[in-house]
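Some notes on the structure that comes next.
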Amino acid sequence: MTLEDQIRACTRCPELAATRTTVVVGDTPPGARLLVVGEAPGALEDASGRPFVGRSGQLLDRLLTEAGLPREQVAVLNTVKCRPPGNRLPTRVETTNCRPWTAAQLERLSPSLVVTLGLSAASWFLGRSTLSALRGRVHEVDGRRVLPTYHPAAALRGGPAGAPMRLLREDLATAVRLVA
Ligand code: URA
């Protein structure tokens, strides 16, 4: 079985396995130098089987294109591959259950840079902290470069003139420069 098939067959989280429509394995275009990591699929991702296809995904696509790197060339994963019902936060147990899958994907992709979106994804790499303590700087984690930034949902909540939108745009532009 391929890694993707194993992830799709996973039932480690009984509630998520019972309520999901699809397992959102992620986008892994061959040769991608940039990996973007989010939290967990939402309703549209669960229905389509693809990560970041809702409003947050559309913003992500737009900002990546603005920065000069089309989304099709970017790998996109979530720390948790199944939608938590009602879009609740993934529990610590769910994140731990899914961790080996994401770790195996990361190993195989071996990106030049990882951008984490929001606190859950930043904490996956860097442990418990606050986003303001971590964002906008490149951290080295097990020999990998990790750049934490805001989640697009936070940028949408803050509006077009808000700080999260400005900083997300800035950080994605930095990321694209770093992998050029
Ligand atoms: N938010 C995420 O963190 N991941 C998705 O795939 C969609 C929305």
Side-chain angles (χ1 to χ4, degrees), residues 3-4 7-8 10 12-13 15-17 19-29 32 34-65 67 69-99 101-106 109 111 113-132 134-136 146-159 162 164-165 167-169 171-172 175:
L3 175 60
E4 281 78 11
I7 298 174
R8 282 192 194 96
C10 181
R12 284 178 200 165
C13 304
E15 188 189 7
L16 302 193
T19 55
R20 72 191 178 205
T21 308
T22 59
V23 176
V24 183
V25 172
D27 289 342
T28 54
L34 178 63
L35 166 64
V36 172
V37 181
E39 182 179 270
L44 288 173
E45 290 78 18
D46 177 59
S48 68
R50 288 207 45 225
F52 281 99
V53 292
R55 284 187 72 219
S56 288
Q58 285 164 21
L59 176 60
L60 177 66
D61 293 5
R62 182 157 63 79
L63 295 180
L64 283 169
T65 302
L69 189 62
R71 158 84 182 256
E72 300 74 58
Q73 294 175 28
V74 177
V76 182
L77 302 178
N78 284 302
T79 56
V80 170
K81 318 294 177 204
C82 298
R83 180 189 183 217
N87 290 348
R88 64 162 171 75
L89 284 177
T91 64
R92 199 127 45 112
V93 171
E94 288 162 355
T95 305
T96 303
N97 286 344
C98 216
R99 192 172 182 94
W101 298 133
T102 307
Q105 290 178 303
L106 183 62
L109 282 163
L113 178 73
V114 180
V115 168
T116 59
L117 303 177
L119 185 58
S120 299
S123 301
W124 194 95
F125 287 89
L126 292 152
R128 272 173 69 135
S129 185
T130 61
L131 198 57
S132 55
L134 301 173
R135 77 137 282 281
V146 178
L147 174 61
T149 189
Y150 282 100
H151 195 286
L156 288 169
R157 274 197 303 276
M165 183 70 81
L167 296 171
L168 174 62
R169 178 182 273 115
D171 294 340
L172 288 174

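Quick note: numbers below take in every heavy atom, side chains included, and nothing from hydrogens, waters or symmetry partners. Note that this is a predicted model, so its numbers are computed, not measured. Atoms within a ligand are numbered from 1 in the order they appear, just like the ligands themselves.
- In this structure, R128 has no salt bridge (charged side-chain N to carboxylate O under 4.0 Å, His left out) partners at least two apart in sequence or on a different chain.
- In terms of protein heavy-atom proximity, atom 1 (N) of ligand 1 is nearest to H151 NE2, 3.3 Å.
- The protein heavy-atom contact nearest to atom 8 (C) of ligand 1 is F52 CE2, 3.8 Å.
- Nearest protein neighbour of atom 4 (N) of ligand 1, counting heavy atoms only, is N78 OD1, 2.7 Å.
- Residues D171 and G136 come closest through the heavy atom pair OD1-CA, 3.7 Å.
- The minimum heavy-atom distance between G49 and V24, with the atom names listed, is O-CG1, 3.8 Å.
- Residue nearest to atom 2 (C) of ligand 1, selected from G42, A40, G38: A40 (by heavy-atom distance).
- Paired with V146 under the rule side-chain contact (heavy atoms from CB on, under 4.5 Å), one option of V37, L113, L35, V114 passes, and it is V114.
- When non-hydrogen atoms are compared, ligand 1 lies under 4.0 Å from neither the backbone nor the side chain of P152.
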Counting only pairs under 3.5 Å, give me each side-chain donor-acceptor contact of residues 55-62, with atom names and distances, residues two or more places apart or in other chains.
{"from": "S56", "atom 1": "OG", "to": "A153", "atom 2": "N", "distance (Å)": "3.4"}
{"from": "D61", "atom 1": "OD1", "to": "R71", "atom 2": "NH1", "distance (Å)": "2.8"}

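- With a heavy-atom cut-off of 4.0 Å, E45 touches ligand 1 through its side chain alone.
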